[in-house]
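Since the structure comes first, as structure tokens, the remarks are kept for the end.
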Amino acid sequence: MFAEQGVVAHIGGKPLDRPAAWTKFLRDVGHWSIETFGLFSVIERRSGEYVGKVGYARFERDLSDQAGTTIEMSWTLRSQFHGKGYALEAARAAQAWFDGHTPRRTACIISPANLPSRKLAERLGYEVVGQIGPSGHPVLLMTRDPVTRET
């Protein structure tokens, strides 16, 4: 997935080689052991194909004090599944799980040019609180507080 230019266009811009992708995979698996949350694999029911991953991680990036958290929501899907509703369905399921297990403020960072991801984040309840990153290549910093249910 991370070798596809359409996937990495807004997340670094460079396709990953197999060792770098493997390292990313190991980090994702490690989140579940250490943090008790992580990224879920998204599998298409009809075909059994791997669609991508959606969930939460502590990437240890400098999100600035504006974020009020170090936990990020993340979604990455294979190019062939972009624009088909998989990200929204999977992200809503991941949010419901996270809010039910470890409800905390979360953030996401999105390239200003990645309009589909920004629209998805807004549909998920994220709001822009600022921009972070190097001069000339800032990303939008968006945050969301957990939805609490009255019982």
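Worth knowing before you read on, the calculation uses all heavy atoms, side chains too, and leaves out hydrogens, waters and symmetry mates.
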Exercise for review: Please collect all salt bridge (charged side-chain N to carboxylate O under 4.0 Å, His left out) contacts where either partner lies in residues 92-102, sequence neighbours excluded, each pair once.
Suggested key: Asp99-Arg144

Practice item. Write down the atom of Gln80, the atom of Lys84, and the distance for their closest heavy-atom approach. Key: O-NZ, 3.1 Å

Revision key, fill the gap. Checking Thr106, Leu141, Leu63 against Glu72 for side-chain contact (heavy atoms from CB on, under 4.5 Å), the one that qualifies is Leu63

Check your understanding: Are any of the side-chain heavy atoms of Pro116 and Asn114 separated by less than 4.5 Å?
Key -> yes

Exercise for review: Flag yes if more than 12 heavy atoms outside Glu89 fall under 6.0 Å of its CD atom; otherwise flag no.
Suggested key: no

Point to revise | Pairing residues for Tyr56 by the ring-ring contact (aromatic ring centres under 6.0 Å, His included) criterion, not counting sequence neighbours | key: Phe98

Check your understanding: Mind checking what makes side chain to side chain donor-acceptor pair (under 3.5 Å) contact with Gln95, not counting sequence neighbours?
Key -> none

Review point. Looking only at heavy atoms, which two atoms of Gln131 and Gln66 are closest? And how far apart?
Key: O-NE2, 4.0 Å

Review point. With Arg46, which residues qualify under side chain to side chain donor-acceptor pair (under 3.5 Å), at least two apart?
Key: Glu44

Review point. Taking only residues two or more places apart in sequence, or in another chain, which ones meet Thr143 in a side chain to side chain contact (heavy atoms under 4.5 Å, CB included)?
Key: Ala67, Arg105, Ala107, Val129

Revision key, fill the gap. Heavy-atom nearest pair, Ala87 first then Leu120, reads CB-CD2, 3.6 Å

Practice item. Please list, chain by chain and in numerical order, all residues satisfying ring-ring contact (aromatic ring centres under 6.0 Å, His included) with Trp32, sequence neighbours excluded. Key: Phe40, Trp97

Check your understanding: Residues two or more places apart in sequence or in another chain: which of them pass side chain to side chain contact (heavy atoms under 4.5 Å, CB included) with Arg58?
Key -> His31, Glu35, Phe37, Glu60, Thr70, Ile71, Arg104

Check your understanding: Among all residues two or more places apart in sequence or in another chain, which pass the side chain to side chain donor-acceptor pair (under 3.5 Å) test with Glu127?
Key -> none

Point to revise | More than 12 heavy atoms from other groups under 6.0 Å of CZ on Arg123 | key: no

Exercise for review: Supply the atom-to-atom distance Ile43 CD1 to Glu49 CD, rounded to the nearest 0.5 angstrom.
Suggested key: 9.5 Å

Study note, to complete from the structure: Applying side chain to side chain donor-acceptor pair (under 3.5 Å) to Thr102 and not counting sequence neighbours gives none

Point to revise | Minimum heavy-atom distance Ile132-Ser64, with the two atoms named | key: CG2-OG, 3.8 Å

Practice item. Using the rule that two of Ile, Leu, Val, Met, Phe, Trp, Tyr join whenever any of their side-chain heavy atoms come within less than 4.5 Å, decide whether Val29 and Ile34 are in one cluster. Key: no

Check your understanding: For Val54, which residues count as a side chain to side chain contact (heavy atoms under 4.5 Å, CB included) partner, sequence neighbours excluded?
Key -> Val42, Met73, Trp75, Leu77, Ala90, Ala91, Ala94

